[in-house]
Amino acid sequence: MNIPAIQIGSITASVPIIQGGMGVRVSLSSLAAAVAEEGAIGTISSIGLGDKEASTTDYEKVSREALESEIRKARSMTDGHLAVNFMGVLSNVDDLISASVREGIKIIIYGAGIPAKLPSLVTDESVNLVPIVSSDRVTELILRSWDKRYERIPDALVLEGPLAGGHLGFSEEQLNDLENYSLDVLLPTILECIKPYEDKYGRKIPVIVGGGIYTGADIAHMLKAGASGVQIGTRFVCTEECGVSDGFKQAYLDAKEEDIVIIKSPVGLPGRAIYNEFLKKLERVDKIRFKCPYRCLTACKVSTARYCIADALVNSYFGDMDNGLIFCGQNAYRINEITTVKELIAELLDGIREA
Ligand SMILES: Cc1cc2nc3c(=O)[nH]c(=O)nc-3n(C[C@H](O)[C@H](O)[C@H](O)COP(=O)(O)O)c2cc1C
């Protein structure tokens, strides 16, 4: 199969791959820039940045400045296409989005929440708005409300299936019924749902699928099924350019299929992670006590949360694996070596060509 470029608004990336945004601190400037250098789209995660101590006095400012600094660093490393990923459950999400737009980011990827007001926050139409969805119901909700309130449609959609890493937009029941919620089943429902809006606005809404995409053959399969591109997270963790601790990467290399589990996150969504000492501890105790200094998540009920997810994710980033939560996609167990972004993308492109 020939490798199609992906077009998102006025942006054309020659490689139809988006490296998925990964919090906390998993996808920062070095990874995103390396991906963008290869002609794909590199995504900086906006979540959980900045010095923790300094955040206790001015969380919003510290987070914003840390994100601005990551964007500038990435920009100094590449002229390629960069996106920033946001979670709707962040208490300062609007501030982070506005800062990214000021920094010249042209692709805003928004998940873990419905981006109901996003077009009123980002009025510059050269900035491409890309909601992450997991069902046709939510897709229709977004399209209908944006069309009615703002006469605007998304510039692309990321359809994230149930095999993805991090927080998941599926109930536990749906996660146990993978046959009915696979990307192969979901993609046609999304393509059908967007059709009337594509006709009305006379332009395509590219659908980028993510969750369990592992090989070039997987990518070719989804492109043939009508996707315009893929979003990949897990495979990029075990690259030299990904800035997580060696312990984090080693946990991926050591993981067996049965170690990859679904957890309940204080965010209020299920998540996928590697079973480790931290998760074992949570089975033994009711709560890992913590002090919440800055309310980073609107959805987190501090009094009932069993642990601080920001702390747990930062711990694994820094290599304190026994006290860390290690998010991963379902296919993390298949990774058995550290590679470079260049090698990984070359392998994926060869796989597409061969398919
Ligand atoms: C460690 C990790 C952290 C993630 N964090 C986020 C996040 O903060 N926001 C988000 O929208 N998606 C997040 N994701 C999902 C990825 O962006 C991506 O869509 C997904 O993992 C794709 O599936 P794959 O990992 O099987 O390739 C995360 C995934 C991983 C593996």
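Counting starts at 1 for both ligands and their atoms, in listed order. Residue numbers start at 1 and run along the sequence shown.
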Looking at [atom], what's its closest protein heavy atom, distance included?
atom                    : value
atom 26 (O) of ligand 1 : Gly212 N, 2.7 Å
atom 1 (C) of ligand 1  : Phe327 O, 3.3 Å
atom 5 (N) of ligand 1  : Gly23 N, 3.0 Å
atom 27 (O) of ligand 1 : Gly233 N, 2.8 Å
atom 12 (N) of ligand 1 : Gly21 O, 3.3 Å
atom 4 (C) of ligand 1  : Met22 CA, 3.5 Å

Original post:
Are any of the heavy atoms in Ile232 under 4.0 Å away from ligand 1?
Top reply: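 So Ile232 counts as touching ligand 1.
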Original post:
Under 4.0 Å from ligand 1, counting heavy atoms only, is it the side chain of Val158, its backbone, both or neither?
Top reply: neither
Subject >> Numbered atoms of ligand 1 (with element) below 4.0 Å of Cys328, judged on heavy atoms >> reply: 31 (C)
Subject >> Atom indices of ligand 1, in the order listed, that fall short of 4.0 Å to a heavy atom of Tyr252 >> reply: 1 (C), 31 (C)
Which option, [options], owns the non-hydrogen atom nearest [atom]?
atom                    : options                      : result
atom 25 (O) of ligand 1 : Thr234, Ile132, Ile208       : Thr234
atom 15 (C) of ligand 1 : Gly166, Gly20, Ser27, Gly165 : Gly165
atom 10 (C) of ligand 1 : Thr43, Asn85, Leu159         : Asn85

Subject >> Qualifying residue for side-chain contact (heavy atoms from CB on, under 4.5 Å) with Leu279, from Val261, Asp259, Ile326 >> reply: Val261
Original post:
Are the side chains of Asn85 and Tyr110 in touch, meaning some heavy atoms are under 4.5 Å apart?
Top reply: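 They are not in side-chain contact.
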Subject >> Sub-6.0 Å ring centroid separation between Phe248 and Phe318 >> reply: no
Subject >> Contacts of Tyr294 that satisfy ring pair (Phe, Tyr, Trp, His ring centres under 6.0 Å) - sequence neighbours left out >> reply: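 Tyr59.
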